[in-house]
2 protein chains.
Amino acid sequence: MGDTDTITVQATETSMQIVEELYDRDGAGVTELADAMDVSKSAVHNHLSTLRTLGYVKNTNGTYELTHRFLRIGFGTRERNPVYQAAQSEIRKLARNTNAVANLVVPENADAVYLHRIGARDHPISIGGSVKLHAAAAGKAILAFRSADAVDEYVGRHGLDPKTDRTVTDRATLRSELRSIRDRNIAFDRGELDPDWQCAASPVVVDGDPVGAVSVSGPSDEMQGKRLEEDTAGLVSSAAKTIELELL
Amino acid sequence: MGDTDTITVQATETSMQIVEELYDRDGAGVTELADAMDVSKSAVHNHLSTLRTLGYVKNTNGTYELTHRFLRIGFGTRERNPVYQAAQSEIRKLARNTNAVANLVVPENADAVYLHRIGARDHPISIGGSVKLHAAAAGKAILAFRSADAVDEYVGRHGLDPKTDRTVTDRATLRSELRSIRDRNIAFDRGELDPDWQCAASPVVVDGDPVGAVSVSGPSDEMQGKRLEEDTAGLVSSAAKTIELELL
DNA sequence: GACTGTGTTCTCCTATACTAAACAAGTGTT
DNA sequence: AACACTTGTTTAGTATAGGAGAACACAGTC
């Protein structure tokens with residue numbers, strides 16, 4: 001019943017590592033990859049040509065790059081997500097009404113994944129990106145509606161790593177904050193993820209299960225005080241409620 | 001110099017096949033996958049647990065599903081694409097002005113990949129999806145600005161598979177059509193991809209290289225005659241020109 | 001024309017990814 | 001409840017095939 005962290009298929013690990021490396025570097029050559037990872041050139045070559053014949057990688061004039069195959073898979077899985085389907089139009093309205101950045105987030109293991117965003121300019125995280133649940137308003141909103149045991153397990157397993165000096169790192173603080181989030185159906189993030197961003201979020205709870213969260217964020221100097229705590233918070237929580245109804 | 005179709009890393013092939021299978025089935029169990037592919041249950045299990053620890057697959061109450069990790073990669077690579085960057089706002093305008101579906105397509109090997117779309121309802125292909133170059137207006141627009149040798153090689157390698165009974169399947173017809181596309185900077189698709197859709201497309205050519213194409217499509221009964229051949233065609237080709245300038 | 005830098009190919013060997021069968025854990029049926 | 005009949009997981013054990021490493025080809029540079 002312990003964690004068997006043994007990765008069985010090592011070749012898969014290598015291949016996916018190559019994919020991630022190609023992503024991070026926005027294309028790379030064989031030797032560059034072989035040096036970066038600790039694998040021989042020939043191994044990298046084998047994986048690359050395999051991935052190429054499978055259509056995930058292409059070789060544009062010398063450097064290997066990822067193809068848009070990932071876009072198809074990524075978009076497709078998002079499109080099928082019922083929460084995304086239900087939230088789409090509501091997020092759009094929210095962005096228009098708040099004149100700020102509106103997000104939809106869903107939980108995935110220990111992370112809050114940004115499935116949708118409208119109105120973004122220089123938001124710290126892009127669509128498809130993720131943050132640890134405790135480090136953002138939307139994540140906390142989700143965490144608040146999980147069982148106490150589940151929260152304990154989360155903290156035990158992943159800790160409370162700080163993203164800024166305002167991130168919640170104390171277990172007791174988190175607990176009491178989650179309680180108040182549960183009471184008011186609203187979570188706030190005042191520079192806990194990015195010092196210059198503030199955010200209000202409300203969970204989407206279906207059948208007792210927090211399946212996502214809606215959030216609106218903006219630069220700290222604009223999004224604060226009454227505008228954050230009353231105007232934005234109200235719109236966010238009513239948007240979440242609308243989505244919940246849609247999902248029944 | 002022949003085609004070495006030998007896939008070297010078989011484990012990678014298996015893993016990616018599992019990913020595709022999971023995508024097609026929208027989640028599946030071990031035995032279901034093992035039956036569908038021709039692999040033993042335990043092998044599938046190994047690959048799945050590997051992909052899970054790597055974060056590409058999750059196990060929601062019994063069935064394995066893809067995570068949104070692919071969204072991050074897919075979105076990221078799209079975001080970095082200079083053509084996409086340059087075209088984004090132009091596509092939006094185009095959708096608004098034509099009141100139809102506006103697309104951005106880029107070539108990837110033998111396919112035209114849909115990188116962007118606005119105004120779609122039931123379009124035959126979704127974002128991230130792809131069509132063989134000869135089977136859609138946008139693809140033909142791209143093909144038209146490749147060298148004659150490249151076109152010959154394309155036909156030789158991939159043939160001219162029909163998608164509908166109007167798809168170009170004859171080499172000579174294709175050749176002459178490409179010539180007229182090159183002259184007018186506009187390609188049409190009258191039910192060649194989907195019998196109920198018509199489409200006008202214009203290539204984005206940078207430095208003699210067709211790096212993408214803009215297209216507008218609509219249902220055959222709406223998008224036809226003068227509206228297709230003059231109004232839409234004009235807007236499409238000027239949008240493509242604007243994008244070209246942006247890319248210089 | 002020697003010299004770095006690529007990517008590709010080759011061969012040998014061992015790590016390793018499969019198969020098969022047994023095991024566990026749920027589900028639902030009588 | 002005990003029953004078969006699912007499912008997923010685990011475990012040996014063997015054949016396979018993936019990886020190391022050097023040699024090769026090819027390009028560009030001085």
Side-chain angles (χ1 to χ4, degrees), chain A residues 1-67 108-109 207 209, chain B residues 1-67 108-109:
Chain A
M1 195 128 296
D3 298 12
T4 327
D5 278 336
T6 324
I7 288 182
T8 47
V9 186
Q10 216 181 51
T12 300
E13 190 194 17
T14 307
S15 276
M16 297 319 278
Q17 194 185 345
I18 286 179
V19 167
E20 296 271 353
E21 210 74 41
L22 281 178
Y23 177 73
D24 290 342
R25 295 160 183 269
D26 198 8
V30 175
T31 42
E32 183 183 348
L33 289 171
D35 289 346
M37 311 159 50
D38 212 18
V39 190
S40 71
K41 275 202 298 178
S42 63
V44 171
H45 177 68
N46 287 342
H47 282 273
L48 281 174
S49 50
T50 304
L51 288 169
R52 192 182 47 190
T53 59
L54 292 175
Y56 294 95
V57 161
K58 63 183 170 185
N59 190 329
T60 315
N61 55 46
T63 64
Y64 287 90
E65 293 175 13
L66 297 181
T67 68
E108 198 155 82
N109 301 320
D207 212 23
D209 200 36
Chain B
M1 195 131 295
D3 298 12
T4 326
D5 278 335
T6 324
I7 288 182
T8 48
V9 186
Q10 216 181 51
T12 299
E13 191 194 16
T14 308
S15 276
M16 296 320 277
Q17 194 186 345
I18 286 178
V19 167
E20 296 271 354
E21 210 75 40
L22 281 178
Y23 176 74
D24 289 342
R25 295 161 183 269
D26 198 9
V30 175
T31 42
E32 182 183 348
L33 290 171
D35 289 346
M37 310 158 51
D38 212 20
V39 191
S40 71
K41 276 203 296 179
S42 62
V44 171
H45 177 68
N46 287 341
H47 283 273
L48 281 174
S49 51
T50 303
L51 288 169
R52 191 183 47 191
T53 59
L54 292 175
Y56 294 95
V57 162
K58 63 183 169 185
N59 189 330
T60 314
N61 55 48
T63 64
Y64 287 89
E65 293 176 12
L66 297 181
T67 67
E108 197 154 83
N109 300 320

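The model shown is predicted, which means the values in this text are computed figures rather than measured ones. Below, chains carry the letters A, B, ... as their sequence lines are ordered, and counting in each starts from 1.
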### Query
Taking atom C1' of C:dT6 as reference, at what distance in whole Å does atom NE2 of A:H45 sit?
13 Å
### Task
Please state how far atom CG in B:N59 lies from atom P in D:dT7, giving the value in whole angstrom units.
15 Å
### Message
In whole Å, I'd like the distance from the CG atom of A:L48 to the C1' atom of C:dT9.
### Response
15 Å
### Query
Between CD of A:E108 and OG1 of B:T60, what distance do you get to the nearest 0.5 Å?
8.0 Å
### Query
Are B:Y64 and D:dT7 close enough that a side-chain N or O sits under 4.0 Å from OP1 or OP2?
no
### Query
Counting side-chain heavy atoms from CB outward, which of D:dG19, C:dC18, C:dT6 is closest to A:N46?
D:dG19
### Query
Would you say the side chains of B:T50 and A:T12 form a donor-acceptor pair under 3.5 Å?
no
### Task
Write down the distance between CG (B:D38) and C1' (C:dC18), rounded to a whole number of angstrom.
13 Å
### Toward the 5' end of DNA chain D, by each residue's nearest nucleotide, B:E32 or A:H47
B:E32
### Query
Does A:T8 get its side chain close enough to the base of C:dA17, under 3.5 Å, for a donor-acceptor pair?
no
## Note on the structure
Which of D:dG19, C:dT8, C:dC18 is nearest the side chain of B:V9? It is D:dG19
### Query
Please give, in whole Å, the distance from D:dG8 P to B:D35 CG?
10 Å
### Message
For a quick check of understanding: with a heavy-atom distance under 4.0 Å over all strands, which category does B:S42 fall into, base, sugar-phosphate or nothing?
### Response
base
### Approximate separation, where rounding is to 0.5 Å, of A:S15 OG and B:M16 CE
8.0 Å
### Task
Please determine if a side-chain N or O atom of A:T31 lies less than 4.0 Å away from the OP1 or OP2 oxygen of C:dG7.
yes
### Summary
Here the distance between atom P of C:dA15 and atom CD of A:E13, to the nearest Å, is 17 Å
### Task
Rounded to the nearest 0.5 Å, what's the gap from CD on A:E21 to CG on A:L66? Could you check?
11.0 Å
### Task
Please tell me which of the listed nucleotides, C:dT8, D:dA20, C:dC18, lies nearest to the side chain of A:A43?
D:dA20
### Message
Any side-chain N or O of B:S49 below 4.0 angstrom from OP1/OP2 of D:dT9?
### Response
no
### Query
CG/A:L54 to CD/B:Q17 distance, rounded to the nearest 0.5 angstrom?
9.0 Å
#### Entry: Side-chain donor/acceptor of A:T63 to backbone N/O of A:N59, under 3.5 Å
no
### Message
Any donor-acceptor pair, under 3.5 Å, between the side chain of B:K41 and the base of D:dG8, if you only look at N and O atoms?
### Response
yes
#### Entry: d(CD1, B:I18; C1', C:dC18) in whole Å
12 Å
### Message
Which nucleotide wins on minimum distance to the side chain of A:Q10, given the candidates D:dG8, C:dA17, D:dG19?
### Response
C:dA17
### Query
How is A:A11 classified with respect to the nucleic acid when contacts are heavy atoms under 4.0 Å: base, sugar-phosphate, or nothing?
sugar-phosphate
### Rounded distance in Å - CD (B:E65) to C1' (D:dG8)
16 Å
### Query
Which part of the nucleic acid does A:S40 contact within heavy-atom distance under 4.0 Å: base, sugar-phosphate only, or nothing?
base
